[in-house]
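Written out below as structure tokens is the structure these notes cover.
Values below: every heavy atom of this structure, side chains too, minus hydrogens, waters and symmetry copies. The first residue in the sequence is number 1, and the count goes up from there.
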Amino acid sequence: MATMTLDATALANAVGGQVRRSANEPITLQDATTDSREVPAGGVFFARIGEQQDGLDYLPQAVSAGAAAVVTQNAAKALELSAEVAVIEVSDVTTAYGKAAAYYLRQLRSHGELTVIGVTGSAGKTTTKDLLARICSAAGPTTAPIGSFNNEVGLPRTVLSAPAHTRYLVLEMGASGIGHIKYLTSIAPLDVAVELLVGRAHLGGFGSQEAVAQAKSELLDGLVEGGVAVLNEDDRRVRAMAERLGPDKKLLTFSAAGNRQADFRATAVKVDEADRAGFTLEHAQFTTAIQLGLVGAHHVSNALGAIAGAVAAGVDLQTAVHQCDRATAASPHRMDVRQLSNGAIVIDDAYNANPDSMKAALKALEKLGKGRRKIAVLGEMLELGPGSADIHREVGKLAALAGVDCVIAVGEGAKPLLDTVCERAEAMYAPSYSEAASLIKDAPKSGDAILIKGSNGSGVWRLADQLLKGDRACSH
């Protein structure tokens, strides 16, 4: 299968729609996209209707890029905008996009050997996915998402980007409510499911950690017959998910705490002066030392999950270990430690935040900022529900315990964390990232260590970009 092509009727059947106009040229599903700028020649443009704009308004741009077909909820408008492309009408474009990905994945499976690996967890998903992609790439052609493409649009985009010869498809699966991961696994049933941890991210959508656990466990329900669940033995809620596995499923476990019951475990964990962890990996009769290039001791668990997941997918253990050793961050704004030209250190962990990742980031600041003035720019943690204020106050306590000298809270929701740091650190408040930018324009000074951390929606990642832009920062 060099390139999967189909006609308008077959495309309509795949996405559950109706042909409103056919086209003469073959249509390819590979790299089908919701972004008009990324449509390949002969490809499909899925014109989603967003909160702010109608994707169909960009149909002319998609046609110029080479689109052969458009999937839309408004065929009449599409027919007016272009006389060139096939028009497929559906009731919901996002759902149709998922159906297209599911169809494409079935074709990939039928034409070659393919192993699909899914990763979820309240924290660490992207790092673990990146490590898995690194390991699997050394064993065969691998497709994995860029950054955190883990929702009802990003996951289909990743599936549809996979070339015909893909051997390993590594997927990140996120959820902000019950049923979200169930939907994602209906698009991409899994051969291997990696469960990292059940934390307090998105509590506003779930209401409790028990509900988070229920949603995350949907990953296991998405396993194909003979599939392997890879569970974190150190998290009791994850450990309990083993009860969901039927006799046709397999189980592997991992433990960063060295639990002897786990299949993959870390012992003799040591953290160097740059807060990078080294440990001894034990599996059956196999023992070896691994030194991570990732910042933060919490990455030991992520590395174990990636190694166990890769082995479950059939990758040689020695290959998995070799690829994890010295591995550094592959996605932006994730524990990216840079030293500015003036000697100050910036810890850019600004892509997203929840209570667990905040705790890990502050520990990293404490370690890396030893002997330095420590500044923490902390954006709001979003989607925490009614307990948001109290959870932010907990983070404030953690900042105080980490010896942070100055805390800048960004966003109204983050303001309560200042209640618990004001007696032990300089406390500042900025309503938005733009106001925070003016507060840190002269910081950090030589010898300072600054952490930038917050939910993606808080915008603090822009501060990291501004701070590093124009400065010849280098990896620390």
(request) Keeping the roles fixed (side chain from Thr120, backbone from Met173), state whether a donor-acceptor pair exists under 3.5 Å. (result) yes
(request) Compare every heavy atom of Ala144 with every heavy atom of Thr158, then report the nearest pair and how far apart it is. (result) CG2-C, 3.8 Å
(message) Please check this pair: side chain of Ser110 against backbone of Gln107, looking for a donor-acceptor N/O pair closer than 3.5 Å.
(response) yes
(message) Between Asp130 and Arg334 (salt bridge meaning N to carboxylate O under 4.0 Å), is one present in this structure?
(response) no
(message) A quick test of your reading: do over 12 heavy atoms of other residues, nucleotides or ligands sit less than 6.0 Å from CD1 of Ile146?
(response) no
(message) Can you give me the closest heavy-atom contact between Ile187 and Ala101, atom names plus distance?
(response) CG2-CB, 3.7 Å
(request) For the pair Thr72 and Lys77, evaluate side-chain contact (heavy atoms from CB on, under 4.5 Å) and give the outcome as yes or no after the intermediate values. (result) CA-CA 9 Å; Thr72 176; Lys77 182 176 178 180; over 6 Å; no
(request) Using atom types as modelled and distance alone, determine if a side-chain donor or acceptor of Lys359 lies under 3.5 Å from a backbone N or O of Pro355. (result) no
(message) Run Ser301 and Leu196 through side-chain contact (heavy atoms from CB on, under 4.5 Å) and show every step you take.
(response) CA-CA 8 Å; Ser301 185; Leu196 298 174; 5.6 Å; no
(request) Search all heavy atoms of His180 against all heavy atoms of Ala175 and return the closest pair with its distance. (result) CB-CB, 3.8 Å
(request) Would you check, one step at a time, whether the test side-chain contact (heavy atoms from CB on, under 4.5 Å) holds for Asp191 with Arg109? (result) CA-CA 11 Å; Asp191 298 290; Arg109 283 190 182 276; 3.1 Å; yes
(message) I need the Asn150 CG to Arg157 CZ distance, nearest 0.5 Å.
(response) 15.0 Å
(request) For Ser122 and Lys216, run side chain to side chain donor-acceptor pair (under 3.5 Å): C-alpha distance rounded to whole Å, both residues' side-chain angles, the deciding distance at 0.1 Å, then the answer. (result) CA-CA 9 Å; Ser122 298; Lys216 297 298 184 184; 4.9 Å; no
(message) If only side-chain N and O atoms count, and only distance matters, is there a donor-acceptor pair under 3.5 Å linking Thr185 with Glu218?
(response) no
(request) Apply the test side chain to side chain donor-acceptor pair (under 3.5 Å) to residues Thr94 and Arg48: give CA-CA distance (whole Å), side-chain angles for both, the deciding distance (0.1 Å), then the verdict. (result) CA-CA 6 Å; Thr94 301; Arg48 294 179 69 231; 2.8 Å; yes
(message) Under a 4.0 Å threshold between the charged nitrogen and the carboxylate oxygen, would Arg244 count as salt-bridged to Asp221?
(response) yes
(request) Find the distance between CD (Gln323) and CD (Gln318) and round it off to the nearest 0.5 Å. (result) 12.0 Å
(request) Could you list the residues that satisfy ring pair (Phe, Tyr, Trp, His ring centres under 6.0 Å) with Phe264, not counting sequence neighbours? (result) His283
(message) On a heavy-atom basis, which atom in Thr142 and which in Ala133 lie closest, and how many Å separate them?
(response) CG2-O, 4.1 Å
(request) Please report the C-alpha distance between Leu81 and Val63 in whole Å, then the side-chain angles of each, then the deciding distance to 0.1 Å, and finally whether the side-chain contact (heavy atoms from CB on, under 4.5 Å) criterion is met. (result) CA-CA 10 Å; Leu81 286 170; Val63 173; over 6 Å; no
(message) Would you compute the distance between atom CG of Leu378 and atom NZ of Lys453 and round it to the nearest 0.5 angstrom?
(response) 10.0 Å
(message) When you measure from the side chain of Arg239 to the backbone of Glu233, do you find a donor-acceptor pair of N or O atoms at a distance under 3.5 Å?
(response) yes
(message) Between Asn232 and Leu197 (side chain of the first, backbone of the second, donor and acceptor by atom type, cut-off under 3.5 Å), is there such a pair?
(response) no
(request) Check the surroundings of atom NZ in Lys363: do more than 12 heavy atoms from other residues, nucleotides or ligands lie under 6.0 Å from it? (result) no
(message) So Thr288 and Leu317, do their side chains get closer than 4.5 Å, heavy atoms only?
(response) no
Extract all donor-acceptor atom pairs below 3.5 Å that involve side chains of residues 31-44 and protein atoms in other chains or at least two apart in sequence.
residue, atom, partner, partner atom, Å
Thr33, OG1, Asp35, N, 2.9
Asp35, OD1, Arg37, N, 2.9
Asp35, OD1, Arg37, NE, 3.0
Asp35, OD2, Arg37, NH2, 2.9
Ser36, OG, Gln61, OE1, 3.3

(request) For residues Ala360 and His298, report the shortest heavy-atom separation together with the two atoms involved. (result) CB-ND1, 3.4 Å
(message) Looking at Tyr433, I'd like to know if the NZ or CZ of Arg462 sits under 6.0 Å from its six-membered ring centre while staying within 45 degrees of the ring's axis.
(response) yes
(request) May I ask you to check whether over 12 heavy atoms, not counting those of Glu113, lie within 6.0 Å of atom CD? (result) no
(request) May I ask you to test the Asn74-Ile49 pair for a side-chain heavy-atom distance under 4.5 Å? (result) no
(message) Given 3.5 Å as the limit, does a donor-acceptor pair link the side chain of Thr128 with the main chain of Gly124, or not?
(response) yes
(request) For Phe279, enumerate each residue passing the ring pair (Phe, Tyr, Trp, His ring centres under 6.0 Å) test, keeping only those at least two apart in sequence or located in another chain. (result) none
(request) Taking atom OH of Tyr351 as the centre, report whether more than 12 heavy atoms of other residues, nucleotides or ligands fall under 6.0 Å from it. (result) yes
(message) For Lys249, is the NZ atom crowded, meaning more than 12 foreign heavy atoms sit under 6.0 Å from it?
(response) yes
(message) For Gly293, is there any backbone N or O sitting under 3.5 Å from a side-chain donor or acceptor partner on Arg276?
(response) yes
(message) Quick check: do Leu294 and Met335 have side-chain heavy atoms less than 4.5 Å from each other?
(response) no
(message) If we ignore hydrogens and angles and just use 3.5 Å, is the side chain of Glu380 paired with the main-chain N or O of Gly411 as donor and acceptor?
(response) no
(request) Kindly say whether Thr253 contributes a backbone atom to a donor-acceptor pair with the side chain of Asp263 at under 3.5 angstrom? (result) yes
(message) Keeping Gln291 on the side-chain end and Ala277 on the backbone end, is there a donor-acceptor pair under 3.5 Å?
(response) yes
(message) Measuring from atom CG of Asp275 to atom CG of Leu368, what distance do you get when rounded to the nearest 0.5 angstrom?
(response) 5.0 Å
